[in-house]
Amino acid sequence: MEIQVFFFGVLAEATKTAFKHYRGVTSFEELKMRIGDDFPEISHYNYRIAVNNELVYEDPVLKEGDEVAYMPPFAGG
Amino acid sequence: MEIQVFFFGVLAEATKTAFKHYRGVTSFEELKMRIGDDFPEISHYNYRIAVNNELVYEDPVLKEGDEVAYMPPFAGG
Amino acid sequence: MSYKILVNGPITRKIMSSILASLAKNTDAGGHSVFIGQVRADIRGAKRVRAIEYSAYEKMAETEAGKIKESILAEFNDVKSVEILHSVGIVMVGETSLFVLVSAGHRHHAIDACSRVVEMIKATLPVWKKEIFEDNSAMWKENSLD
Amino acid sequence: MSYKILVNGPITRKIMSSILASLAKNTDAGGHSVFIGQVRADIRGAKRVRAIEYSAYEKMAETEAGKIKESILAEFNDVKSVEILHSVGIVMVGETSLFVLVSAGHRHHAIDACSRVVEMIKATLPVWKKEIFEDNSAMWKENSLD
C-alpha cells in the first residue's frame with residue numbers, strides 16, 4: 001500500500017524532508033524500518049508518531065493512503 | 001472639631017444623605033452616637049467604617065477635618 | 001495621583017484595544033492574563049437585569065487599587081505590570097465593567113497574579129452595585145463568593 | 001472544518017479587537033478570561049531572540065484544538081465559549097502568537113478554564129518553534145514546564 005510520511009519541526013530540518021511517499025508498504029513495522037534506513041539521523045531525536053492526526057501508542061494496522069507523522073516534542077504557545 | 005461623614009451604596013439611599021458635616025465632635029464614639037441618632041435606619045444594615053480612606057477596626061482618635069465613611073459590603077467587579 | 005482606575009460608564013472596546021496596543025512594548029513579557037468582567041442578564045424572580053449602576057468611594061478606591069498593584073508586584077517578581085480599570089455609573093448588560101491585565105515573563109505568573117488581582121478587587125475596592133431591572137426597579141447587590 | 005485556529009504571522013491587535021467586540025453578544029456571560037502569549041526577547045548565552053518561527057501539523061492542530069474546546073465545554077458547564085488562535089510562521093519579539101478567550105457565567109470558571117486551555121495547548125497542539133536570534137542564527141525550542 002501507499003503511505004504518506006511527514007516530518008515536522010527539527011525532524012524536517014534534520015531529514016531535509018517534510019514529506020515522502022512510501023509505496024509497497026506491508027506493515028507499520030516495515031515502514032518504520034524503511035524510514036530508519038532512509039533517515040538514520042532521526043534516531044538522535046525524541047519524537048512521537050501520529051497516524052491520520054492521532055497519536056499512536058502501539059503499532060497500528062495501516063491502510064492505503066494513511067498519513068504517518070513524525071513529530072518532535074510539541075512547543076506551542 | 002469638624003468631621004465630614006459620607007454614606008455609600010445602600011446607606012446613602014437609606015439615609016437619603018451622601019454627605020454630612022458634623023461640628024463640635026469630641027470623639028469618634030460621640031460622633032457614632034450622633035450619627036445613630038440622626039440616621040437610626042443604618043442599624044438595619046451591615047457596614048464598615050473608614051477614616052481617611054482606611055478601614056478602622058477599633059475606635060480611632062479623630063482630628064479636625066477627618067473624613068469618616070460608612071460603607072456597606074463591597075460589591076466591585 | 002496619576003494612577004486612575006475608575007472609568008465613567010462602560011469600559012469600551014476602544015479603551016481595551018488601546019491597552020492591548022501597548023503590550024508589545026514589554027519585550028520581556030511572555031504572557032498577559034486579562035480578566036474582563038461584564039454585566040450579565042441575570043434573572044431575579046420574574047425580573048431581568050438590564051444594567052448595573054456602580055458607585056465608589058473614589059479616593060479610597062484609587063488608594064486600594066494602588067495597594068493591590070504594589071502587593072502583586074512585591075509577591076510576584078516575574079510580574080512586569082498590572083492594569084486595573086473599573087466602571088462607575090451605569091453599565092448595560094453585555095458591557096464591560098472591569099478590566100484587569102497582568103503582564104509577566106512567564107504564563108503561570110501572569111495567570112496566577114491576574115486571578116489574585118480579581119479576588120482582591122472584589123474584597124477590598126470600595127465599590128457598590130445596584131442591579132437595574134427591565135421594569136426600572138432596582139436592587140442593591142453584594143458580591144457572592146461564586 | 002470551519003473552526004480555524006491557525007493564523008499566518010502574528011495575531012494582530014485588529015484580530016484581538018474584533019474578538020473583544022463580539023463579547024457583548026454573550027449576555028449570559030459575566031466573565032471572560034483571556035490569555036495572550038507573546039514572543040519574549042530572551043537571552044541565550046550571548047544571543048538575543050528577535051523572533052520565533054512557528055510551524056504546525058495543521059490538520060492535526062485543528063483537530064486537537066477542537067478536542068480541547070469540547071473537553072472544556074464538557075467539564076465546565078458554566079463555560080459559554082472557547083476561542084483559540086495560534087500563529088504559524090514568523091512572529092517578532094513583542095508580537096502575539098497565542099490568544100485564548102474563555103467566556104463563562106462566573107469568573108472562577110472563566111479563569112480556571114482559560115488556564116486549563118493554555119496548558120492543554122502546550123501539551124497537545126502539534127506546533128513547533130524555532131527561536132531566531134539577532135544574528136539570524138536559530139535554535140529549535142521545546143516547551144519548558146514554567
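The shown structure was predicted, so the numbers you read here are calculated from the model rather than taken from an experiment. In what follows, every chain begins at residue 1, and chains take the letters A, B, ... in the order their sequences are listed.
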Checking heavy-atom separations under 4.5 Å from chain D, one finds in residues 85-96 of chain C C/Val93, C/Gly94
ask   = Considering only heavy atoms from C-beta outward, does the side chain of D/Arg107 approach that of C/Phe35 to under 4.5 Å?
value = yes
So CD1 of D/Ile36 and OG of C/Ser33: to nearest 0.5 Å the spacing works out to 9.0 Å
Could you tell me whether C/Arg50 atom CZ has more than 12 heavy atoms of other residues or ligands within 6.0 Å of it?
yes
Looking only at C/Ser97, C/Gly30, C/Gly31, C/Ala41, most heavy-atom pairs under 4.5 Å shared with chain D are made by C/Gly30
Ordered numerically, the heavy-atom neighbours of chain D under 4.5 Å found in residues 12-29 of chain C are C/Arg13, C/Met16, C/Ser17, C/Ser18, C/Leu20, C/Ala21, C/Leu23, C/Ala24, C/Asn26, C/Thr27, C/Asp28, C/Ala29
Residues at least two apart in sequence or cross-chain that pass side chain to side chain contact (heavy atoms under 4.5 Å, CB included) with C/Arg44, listed by chain then number, are C/Asp42, C/Glu131, C/Phe133, C/Met139, C/Lys141
For C/Lys47, the salt bridge (Lys or Arg N to Asp or Glu O under 4.0 Å) test, sequence neighbours excluded, returns C/Asp135
